Amino acid sequence: MSQALPRVAIVTGGSRGIGRAIIDRLLSAGHSVVNLDRVAGETGNGAEERLTFRAVDLSQPEEVAAAALAVLADFGPITVLVNNAGISPVSEGRGLPVESLPLAEWRNVFAVNLDAAFLLSQALIPSMRQASWGRIVNMSSQSARTVSSVTGAHYGASKMGMISLTRSLAAELGPYGITSNCIAPGWTDTSLGTSFTGIEPYLARTPLRRLGRPEDIAAAVAFLVSDEAAYITGATLDVNGGSFMG
Ligand SMILES: NC(=O)c1ccc[n+]([C@@H]2O[C@H](COP(=O)([O-])OP(=O)(O)OC[C@H]3O[C@@H](n4cnc5c(N)ncnc54)[C@H](O)[C@@H]3O)[C@@H](O)[C@H]2O)c1
């Protein structure tokens, strides 16, 4: 069964970078979008009347739960969820080694990168089940597909967790027409991406010889959200210029 457009989508971390590009693609595809971010972003592609911003600190579980309830009250059932927001703390161009990584930083990375995705999925499953249709897309990372020389252990572990959460959601929700998939971007040209050192050697071993663009990642999200991707679930899609071939 297919749900007619317009579908309402929640995108986290949509105020800049990859999230902003995802929002532009979803707006172009006819969706209404709610952006859950700490800060409001710059304006996008002209379809702004279908874009709503709601301020939320995704590291705070109570704020995430309250935001989900408020969005459901305002918009009714939400059947598209893109858990895009993520952080990767940097010290002198790279993540801290395990030996000196504070537990508070470890926990904060997990709260934003994984817990928020779990809480929002939990909050929206009833909407999707009711519609017998739903799409969950989770943002993992190449750091979870192989080891990263620049991101910290907390980042990679949380992004590995996203892959596992994605698979559990796929297994649990498939019978209700709901798909759940992951994207694993390689190094992408955003504020986060360019906060790391080591881009040159990465480019030298990347067959397509450039960083990813937010639009490259957004195109993959738009596909997974579309009806064309109805038979893809539990998958992790690498979008990385060939820099890692798993
Ligand atoms: N850029 C890369 O190289 C790269 C590579 C692989 C995966 N990713 C993943 O892609 C996703 C998007 O990354 P990006 O490069 O666009 O990052 P970015 O830093 O440019 O944007 C992240 C967005 O998330 C928001 N955000 C961060 N913490 C938040 C919080 N506590 N509460 C609410 N909003 C918060 C920020 O305000 C920002 O708008 C992340 O999950 C990231 O881990 C990025």
Side-chain angles (χ1 to χ4, degrees), residues 10-25 33-42 44 51 53-68 81-90 93-95 104-105 107-117 119-120 137-152 154-163 165-166 182-199 202-203 206 210-218 220-221 236-241 243-244:
I10 286 181
V11 177
T12 65
S15 292
R16 70 179 189 198
I18 293 169
R20 178 68 239 192
I22 292 169
I23 287 177
D24 284 343
R25 283 296 303 247
V33 182
V34 182
N35 171 27
L36 300 183
D37 202 301
R38 217 169 17 190
V39 291
E42 72 267 17
L51 174 58
F53 167 70
R54 189 171 187 97
V56 51
D57 181 350
L58 295 165
S59 71
Q60 303 301 314
E62 325 72 44
E63 282 195 36
V64 177
L81 172 62
V82 183
N83 288 306
N84 163 74
I87 55 170
S88 187
V90 172
R94 56 193 305 124
E105 185 179 304
R107 286 193 168 145
N108 192 44
V109 166
F110 267 77
V112 176
N113 292 9
L114 187 56
D115 297 1
L119 289 167
L120 288 171
V137 180
N138 291 325
M139 203 55 69
S140 182
S141 168
Q142 186 167 330
S143 299
R145 302 278 289 131
T146 179
V147 70
S148 167
S149 58
V150 289
T151 57
H154 44 5
Y155 182 78
S158 68
K159 294 298 186 179
M160 252 341 230
M162 279 295 246
I163 293 176
L165 172 65
T166 299
C182 246
I183 312 258
W187 206 323
T188 305
D189 190 7
T190 65
S191 306
L192 175 67
T194 53
S195 66
F196 292 103
T197 56
I199 288 176
Y202 177 84
L203 289 180
T206 299
R210 66 169 175 84
L211 294 185
R213 301 180 186 117
E215 295 74 19
D216 295 321
I217 316 303
V221 174
T236 300
L237 179 56
D238 292 308
V239 186
N240 62 21
S243 56
F244 172 74

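Ligands are counted one by one from 1 in listed order, and the atoms in each one are counted from 1 as well. Everything numeric here is computed off the predicted structure, so don't read it as measured data.
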Checklist entry - Among the heavy atoms of A111, does any lie under 4.0 Å from an atom of ligand 1? => result no

Checklist entry - For ligand 1, does K159 get within less than 4.0 Å through its side chain, its backbone, both, or neither, judged by non-hydrogen atoms? => result side chain

Checklist entry - When you measure from the side chain of N84 to the backbone N and O of T12, does any donor-acceptor pair fall under 3.5 Å? => result yes

Item to check | Result of checking L120, D57, V11 against L36 for side-chain contact (heavy atoms from CB on, under 4.5 Å) | outcome: L120

Item to check | Minimum non-hydrogen distance to atom 22 (C) of ligand 1, winning option of G19, G17, G86, S15 | outcome: G86

Checklist outcome for this item: Closest to atom 6 (C) of ligand 1 among protein heavy atoms sits P185 O, 3.3 Å

Item to check | Residue portion contacting ligand 1 (non-hydrogen atoms closer than 4.0 Å) for D57 | outcome: both

Checklist entry - Which of the numbered atoms in ligand 1 are below 4.0 angstrom from a heavy atom of W187? => result 3 (O)

Checklist entry - Can you list the atoms of ligand 1 that are under 4.0 Å from a heavy atom of I87? => result 27 (C), 28 (N)

Checklist entry - Which residue from R16, Q142, R38 reaches closest to atom 18 (P) of ligand 1 through any of its heavy atoms? => result R16

Next on the checklist: Quick check: N84 and ligand 1, any N/O pair under 3.5 Å apart?
Outcome noted: yes

Checklist entry - Where does L58 meet ligand 1, judged by heavy-atom distances below 4.0 Å: at the side chain, the backbone, both, or neither? => result both

Checklist entry - How close do G14 and N35 get, heavy atom to heavy atom, and via which atoms? => result N-OD1, 2.8 Å

Checklist entry - With side chains defined as the heavy atoms from C-beta onward, is the minimum distance between R20 and I23 less than 4.5 Å? => result yes

Next on the checklist: Treating N113 as the side-chain partner and S158 as the backbone partner, does any N or O pair qualify as donor plus acceptor under 3.5 Å?
Outcome noted: no

Next on the checklist: Determine whether E105 and N108 satisfy the following criterion, side-chain contact (heavy atoms from CB on, under 4.5 Å), listing intermediate values before the conclusion.
Outcome noted: CA-CA 5 Å; E105 185 179 304; N108 192 44; 5.6 Å; no

Next on the checklist: To check you understand the geometry: which heavy-atom pair defines the closest contact between G186 and Q142, and what is its length?
Outcome noted: CA-OE1, 3.1 Å

Checklist entry - Is A85 near ligand 1, meaning one of its heavy atoms is under 4.0 Å from it? => result yes

Checklist entry - Is the backbone of T190 close enough, under 3.5 Å, to the side chain of T188 for a donor and an acceptor to pair up by distance? => result no

Item to check | Atom of Y155, atom of S143 and distance for their closest heavy-atom approach | outcome: CE2-OG, 3.5 Å

Checklist outcome for this item: So the atoms of ligand 1 within less than 4.0 Å of a heavy atom of V56 turn out to be 32 (N), 33 (C)

Item to check | Minimum-distance protein heavy atom relative to atom 3 (O) of ligand 1 | outcome: T188 N, 2.8 Å

Checklist entry - Do any nitrogen or oxygen atoms of I18 come within less than 3.5 Å of a nitrogen or oxygen of ligand 1? => result yes

Next on the checklist: If you measure every N or O of S141 against every N or O of ligand 1, does any of those distances drop under 3.5 Å?
Outcome noted: no

Item to check | CA sep, side-chain torsions, deciding dist, call: T236, R145, side-chain contact (heavy atoms from CB on, under 4.5 Å) | outcome: CA-CA 9 Å; T236 300; R145 302 278 289 131; 3.8 Å; yes

Checklist entry - Would you call Y155 a ligand 1 contact, heavy-atom distance under 4.0 Å? => result yes

Next on the checklist: Take a 6.0 Å sphere around CZ of R210 and say whether it holds more than 12 heavy atoms from other residues, nucleotides or ligands.
Outcome noted: yes

Next on the checklist: Tell me the protein heavy atom at minimum distance from atom 10 (O) of ligand 1, and give that distance in Å.
Outcome noted: M139 CG, 3.3 Å

Next on the checklist: Donor-acceptor pair, distance only, cut-off 3.5 Å: does the side chain of S141 make one with the backbone of A144?
Outcome noted: no

Checklist entry - Do you know the tightest heavy-atom contact between M139 and K159? => result O-NZ, 2.9 Å

Checklist entry - Looking only at distance, does S140 have an N or O less than 3.5 Å from an N or O of ligand 1? => result no

Checklist entry - Identify the closest protein heavy atom to atom 24 (O) of ligand 1: which residue and atom is it, and at what distance? => result G13 CA, 3.4 Å

Checklist outcome for this item: Nearest non-hydrogen contact to atom 36 (C) of ligand 1 from the set D189, D37, N108, V239 belongs to D37

Next on the checklist: Suppose we measure from atom 15 (O) of ligand 1 to each protein heavy atom; which comes out shortest, and what is that distance?
Outcome noted: T190 OG1, 2.5 Å

Item to check | Close-contact set for ligand 1 against S59 heavy atoms, below 4.0 Å | outcome: 31 (N)

Item to check | From CD1 (I217) to CG (N240), nearest 0.5 Å | outcome: 8.5 Å

Checklist entry - Can you check whether S149's main-chain N or O pairs, donor with acceptor, with R94's side chain at less than 3.5 Å? => result yes

Item to check | Interfacing atoms of ligand 1 (cut-off 4.0 Å, heavy-atom, G193) | outcome: 1 (N), 3 (O)

Item to check | For atom 5 (C) of ligand 1, the option (of S195, A116, G186) bearing the nearest heavy atom | outcome: G186

Checklist entry - For atom 17 (O) of ligand 1, which protein heavy atom lies nearest, and how many Å away is it? => result L192 CB, 3.4 Å

